Amino acid sequence: MLVLAAGGLGRWAEVRSLRRADEYQRLLQLQALAVGLAVRVLLLVAGLLAAAQLVEPQQRHVAQLGR
């Protein structure tokens, strides 16, 4: 419940900030929020696919020097 309250407070602060900003600042902030949302959705989908074991996360191994 505390996490939801903190999230709601953060969204309220964003809306308040957008209302006080001029047009250019609004455009930049909305673009940044859109990119951030897209990244969050992609990470959520990737996490859900990995949890369902539909895809395996790529692991890169460093070659050993002694070979």
Side-chain angles (χ1 to χ4, degrees):
M1 187 68 170
L2 183 60
V3 173
L4 290 176
L9 184 61
R11 298 301 169 253
W12 174 78
E14 287 175 8
V15 169
R16 186 174 178 208
S17 173
L18 279 173
R19 287 183 181 166
R20 292 181 176 190
D22 63 1
E23 289 181 29
Y24 182 67
Q25 286 178 330
R26 285 181 190 169
L27 176 66
L28 290 178
Q29 286 183 348
L30 287 174
Q31 287 176 345
L33 286 171
V35 170
L37 177 64
V39 170
R40 283 184 182 183
V41 168
L42 288 174
L43 289 174
L44 176 66
V45 169
L48 290 173
L49 288 174
Q53 296 178 350
L54 296 176
V55 294
E56 291 186 25
Q58 292 182 356
Q59 296 181 358
R60 296 183 178 157
H61 300 283
V62 177
Q64 294 180 355
L65 297 176
R67 287 187 174 181

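What you are looking at is a predicted structure, and each value in this text was computed from that prediction instead of being measured. When a residue number appears, it is its place in the shown sequence, counting from 1.
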Give me the atom names and distance for the closest heavy-atom approach of R26 to R19.
NH2-O, 3.2 Å

When L42, L49, L48 are each screened for side-chain contact (heavy atoms from CB on, under 4.5 Å) with V45, the one that passes is L49

Those residues at least two apart in sequence (or on a different chain) that pass side-chain contact (heavy atoms from CB on, under 4.5 Å) with R16 are W12, R20

Rounding to 0.5 Å, atoms CG (L37) and CG (L30) come to a distance of 12.0 Å

Could you grab the distance from atom CG of L9 to atom CG of L4, nearest 0.5 Å is fine?
12.5 Å

